[in-house]
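Each chain gets a letter, A, B and so on, in the order its sequence line appears, and its residues count up from 1. Just so you know, these numbers come straight off a predicted model, no measurement behind them.
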Number of protein chains: 2
Amino acid sequence: MNSYSHSTRLLVAIDCIIFGFDGEELKLLLIKRRFEPEKGKWSLMGGFVNEKEDLEVGAERILHELTGLHDIYVEQLQTFGKVNRDPVERTLSVVFFALINIHDHNAESVEVHNACWISLKQMPALIFDHEKMVQMALERLRYKAALHPIGFELLPEQFTIPQLQKLYEAIYDLKLDRRNFSRKILSTGLLLDTGEKNANSATKKAVMYRLDKERYESKFNHFWYFMPVTT
Amino acid sequence: MNSYSHSTRLLVAIDCIIFGFDGEELKLLLIKRRFEPEKGKWSLMGGFVNEKEDLEVGAERILHELTGLHDIYVEQLQTFGKVNRDPVERTLSVVFFALINIHDHNAESVEVHNACWISLKQMPALIFDHEKMVQMALERLRYKAALHPIGFELLPEQFTIPQLQKLYEAIYDLKLDRRNFSRKILSTGLLLDTGEKNANSATKKAVMYRLDKERYESKFNHFWYFMPVTT
DNA sequence: CCAAAAGTGTTGAGCTTACACCCATGT
DNA sequence: ACATGGGTGTAAGCTCAACACTTTTGG
């Protein structure tokens, strides 16, 4: 039974936008492309879909290859399919974006792949339509982080509220009121006080929190309002 | 230059979820599949991507083929790519969802395709993973319609506020307060009073409004809060 | 004149914002 | 002691939800 035989088959790639946060700025993990076309240019990490591999599995494979990490936050963004987006041959790209703790990656594999963490604000030109992909991913991140508690994915296991605030300020490129932010976050009931205090701080040490995983899972799809409403 | 030659090519389909609203219920335009496998079963409208055709163009082609319509609201949902989702051969499906005025379709082409408007609440079993697609599309519609003014896409050019309210009640499967709803909608400044009144109503005739296209375009991506906040 | 649906007004509760003040720490 | 950053409290203003009342129309 081969009823589809006359239809065209297409090359299908997976590209991954990897967000990280260094405490000050939102960053992307980008690579220098190692093959033609556009060899040497900046690009998203990607690869082709294997014949017997689900898309999500492919994305995880690619992410693991570059970062050494498993079980990270990954979400399918959208599929890019303009006919001429790749000059060699028509290639669909199923784009995923991932949020990781920037200190958690495997330095070796990052080096092997010629990869670098680059601040979003200083992003170089990227190959093909990768800039559009990043643009869309940033929009999605902003959209989603305003309503759902995904910011935590970019921070270490334990973090302080001021750290979280800096993250939100980086995502939305604005300043927030310290007192109101703290109240808003704590009122979600998603944070657990670990009892420990931040050692880094030069002044008063902030309380370290961690996610209440159970509440996080069960309440993830409720709407929160982390950002000030600016109509 | 053929650097990708050793990679696998895949069949790529486009499937479309078509929402409509009859004044009471949210409906889907579904078809009875005309070929094997699963011939005779209910299915989403779909087709294969042509070799020289952008994905969005393909979606529009497929939507036009079934409804006779152009320039309708279409949004890419997500790509489904489980290895075994199609028993004949591995096939990716790029899924789009569309919102149309249910009275605007071409009855002939609908008939030719064996298609039917079916209430979401009485949805039959669908082939492959099409039910998951519908589920996800409904979630996306609910999500988006709570924050952006897309409901209008499901109504005629001119409509009354009570009609719009019924639509929202159908989307979210709940009852809303007439007075608060009306105020909330009017306060967006997106509606223009046409001066005309609804003829259908058996009692007091409601004012007919139409979208202020300019404000709609420019304010589309602002956040609204059409739905009551229920944390 | 009555029923049913549409339109307008009002009020109180609760949330958000904007601010002031106090505490802890290293130099 | 003081500068810096973290934590808590509070009052004013605004928004939203919950309600009552009036208007229009057909029968």
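At the phosphate of D:dA17, OP1 or OP2 sits under 4.0 Å from a side-chain N or O atom of B:Lys184.
Rounded to whole Å, the distance from CZ on A:Arg178 to C1' on C:dA20 is 11 Å. Between the P atom of D:dA17 and the CZ atom of B:Phe226 lies a distance of 13 Å, rounded to the nearest Å. The distance between atom NZ of B:Lys204 and atom P of D:dT25, rounded to the nearest whole Å, is 8 Å. Atom P of nucleotide C:dA4 and atom CG of B:Asn198 are separated by 19 Å, given to the nearest angstrom. One can place CG of A:Asp193 at 16 Å from P of D:dG6, the figure rounded to the nearest angstrom. Regarding A:Lys197, its NZ atom lies at a distance of 8 Å from the C1' atom of C:dA24, rounded to whole Å. In this structure, A:Glu169 places its CD atom 13 Å from P of D:dG5, rounding to the nearest Å. A:Ile185 places its CD1 atom 13 Å from the P atom of C:dT17, with the value rounded to the nearest Å.
Taking the six-membered ring where tryptophan is involved, the planes of A:Tyr216 and A:Phe152 are perpendicular, since the angle between them exceeds 60° and thus also 30°. Relative ring orientation between A:Trp117 and A:His105 is described as tilted, the plane-to-plane angle lying within the 30° to 60° band.
Within 3.5 Å, no donor on the side chain of B:Lys205 pairs with an acceptor on the base of D:dT24, nor the reverse.
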Got a list of protein N/O to nucleotides 9-14 of chain C N/O distances below 3.5 Å?
{"from": "C:dT10", "atom 1": "O4", "to": "B:Arg183", "atom 2": "NH1", "distance (Å)": "3.3"}

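Nearest heavy-atom pair across A:Leu92 and A:Gly81 is CD2-CA, 3.5 Å.
In this view, A:Lys166 and A:Glu24 satisfy the salt bridge (charged side-chain N to carboxylate O under 4.0 Å, His left out) rule, not counting sequence neighbours. A search for side-chain contact (heavy atoms from CB on, under 4.5 Å) contacts involving B:Arg142 returns B:Leu138, B:Ile171, B:Tyr172, B:Asp173, not counting sequence neighbours. For the salt bridge (charged side-chain N to carboxylate O under 4.0 Å, His left out) test, no residue two or more places apart in sequence or in another chain qualifies with B:Glu196.
Proximity of residues 148-155 of chain B to DNA chain D (heavy atom under 4.0 angstrom from any strand atom) is not detected for any residue.
The ring pair (Phe, Tyr, Trp, His ring centres under 6.0 Å) analysis of residues 177-205 of chain B, with sequence neighbours excluded, yields the pairs B:Tyr168-B:Phe181.
Salt-bridge formation is detected for the pair B:Lys27/B:Asp22: a Lys NZ or Arg NE/NH1/NH2 atom is positioned less than 4.0 Å from an Asp or Glu carboxylate oxygen.
No hydrogens or angles considered: a donor-acceptor pair under 3.5 Å links the side chains of B:Glu75 and B:Tyr73.
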